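The structure displayed is predicted, hence computed values, not measured ones. Chain letters run A, B, ... following the sequence lines, proteins first, then strands; residues in each count from 1.
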2 protein chains.
Amino acid sequence: MAHHNNGMTRDEKALMQALSRAISVVPRVLDADLQRDQQLPLTDYFALTYLSEAEGQRLRINEVATRLSMTISGATRTVNRLEALEFVARERSASDGRGADVVLTDVGLKRLKAAWPSHRDSARRRVLDRLDANELAVLTKALNSIGAEPDDFDSADCPPQS
Amino acid sequence: MAHHNNGMTRDEKALMQALSRAISVVPRVLDADLQRDQQLPLTDYFALTYLSEAEGQRLRINEVATRLSMTISGATRTVNRLEALEFVARERSASDGRGADVVLTDVGLKRLKAAWPSHRDSARRRVLDRLDANELAVLTKALNSIGAEPDDFDSADCPPQS
DNA sequence: AGAATTTACTTGACTGGGCAACTATAACAC
DNA sequence: GTGTTATAGTTGCCCAGTCAAGTAAATTCT
């Protein structure tokens, strides 16, 4: 009967639990679906997607990192993987020799196109089909405000990523 | 100008992007807040919370795993960490000698109570304050349906966790 | 009761991604 | 131009968590 109160309302607690569950479950099932059907990790799939949508099918590493919500070093490793599979190539930038552009190759684009249907179906089954139009709209807006940049700075130190 | 269509509507794509961003960002910021203020990883905090809410402040490993949406082996390692810190103890179950109950210790409960305010504030700042009452309700419901068990079985093999 | 199966973990090997330290180029100060 | 600082990536080390294989207790079959 020990009843501990952590200072949230019942509704707030319910939200936080639903959120942490979704946060654990969703990426796992989407990744598992894609790995099973296409032997392609979800992260790599997203990276290819962002490249395919980019101007000239190319992005700087740091843009890859931003889009994947990942550190630059994480993005480096992701690009390494994709490069080993020849889905992308690094091209030393003409304008800035410090880093390279990551360019989507034909092989990479083919691979992505082959994977689309699988991911689309997976997203439908796991997520989209479970929401009505109103939920979809509200959820998108809510998740966007939640995912937005911290905007805190109440505490002094703000050492960002490496 | 290359315009690739992956077979989702604009709204659906927007949702999936908002979702993957939130999925990357939320756990990272909540964990970072708690680590900074309390030197306690978010996973460990949740484990302690679930134990504190459980009947007799004790859970079987597999119940810890379920609540954390983690594999049993992941839960084993989490409990190992908490045990090393003496926040929990393993007690061989009287009724079933195959595994142990995980019991919250006084030290663990104190630690949890000390961490509550920090996590509550963090959750407020990062999540709750950014939602109005309606969004909170819709979001909770939507995330719960998304996080719910797959209910698929369209494909033959369903090898669950180890 | 003894054998076979199932359950409840535990453990070893591995992977993805984070952080901090490092390298190389660029930009700025003078 | 040379020295200083900032920027873009890369790399070594580490940790959390997964998977597959192993162990031990419990349950079921006969």
Rounded to the Å, how far apart are [X] [atom1] and [N] [atom2]?
X: A:Arg98; N: D:dT5; atom1: CZ; atom2: P; answer: 17 Å
X: A:Asp44; N: C:dT15; atom1: CG; atom2: P; answer: 14 Å
X: B:Leu42; N: D:dC15; atom1: CG; atom2: C1'; answer: 15 Å
X: A:Asp31; N: C:dG16; atom1: CG; atom2: C1'; answer: 10 Å
X: B:Asp96; N: D:dT27; atom1: CG; atom2: P; answer: 7 Å
X: A:Ile72; N: C:dC19; atom1: CD1; atom2: P; answer: 12 Å
X: A:Leu68; N: C:dG18; atom1: CG; atom2: C1'; answer: 15 Å
X: A:Met70; N: D:dG9; atom1: CE; atom2: C1'; answer: 15 Å

Residues B:Val88, B:Arg58; criterion side-chain contact (heavy atoms from CB on, under 4.5 Å); working and verdict: CA-CA 9 Å; B:Val88 306; B:Arg58 71 179 54 217; over 6 Å; no
Stepwise side-chain contact (heavy atoms from CB on, under 4.5 Å) check, A:Gln38 with A:His119: CA-CA 9 Å; A:Gln38 295 287 328; A:His119 176 66; over 6 Å; no
Side-chain donor/acceptor of B:Asp132 to backbone N/O of B:Asn134, under 3.5 Å: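 At least one qualifying donor-acceptor pair exists.
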side-chain N/O [X] vs [N] OP1/OP2, d < 4.0 Å:
X: A:Arg77; N: D:dT10; answer: no
X: B:Asn62; N: C:dC9; answer: yes
X: B:Arg28; N: C:dG18; answer: yes
X: B:Ser73; N: C:dT10; answer: no
X: B:Thr43; N: D:dG17; answer: yes
X: B:Arg90; N: C:dT10; answer: yes
X: B:Thr76; N: C:dT10; answer: yes
X: A:Arg92; N: D:dG9; answer: no
X: B:Thr78; N: D:dG17; answer: yes

Charged N-O contact under 4.0 Å between A:Asp33 and A:Arg36: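 A salt bridge links A:Asp33 with A:Arg36.
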Nearest-neighbour nucleotide for the B:Ile61 side chain, C:dC9, C:dG17, D:dA8 considered: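 Comparing C:dC9, C:dG17, D:dA8 against the side chain of B:Ile61, the answer is C:dC9.
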Whichever of B:Asn80 and A:Gly74 has its nearest DNA chain C nucleotide further upstream toward 5':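 This one resolves to B:Asn80.
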Check against side-chain contact (heavy atoms from CB on, under 4.5 Å), A:Leu48 and A:Trp116: CA-CA 11 Å; A:Leu48 293 177; A:Trp116 266 338; over 6 Å; no
Under 3.5 Å donor-acceptor pair, A:Arg81 side-chain atoms to C:dG16 base atoms: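 No.
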Pair B:Asn80, B:Arg90: side-chain N/O donor-acceptor within cut-off below 3.5 Å: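 On atom types as modelled, these side chains qualify, holding a pair under 3.5 Å.
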Sugar-phosphate only, base, or nothing, as touched by A:Ala75 at under 4.0 Å among non-hydrogen atoms: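 No contact at all - A:Ala75 keeps every heavy atom at 4.0 Å or more from the nucleic acid.
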First of B:Gly97 and A:Gly99 reached from the 5' end of DNA chain D, by closest nucleotide: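 Result of the comparison: A:Gly99.
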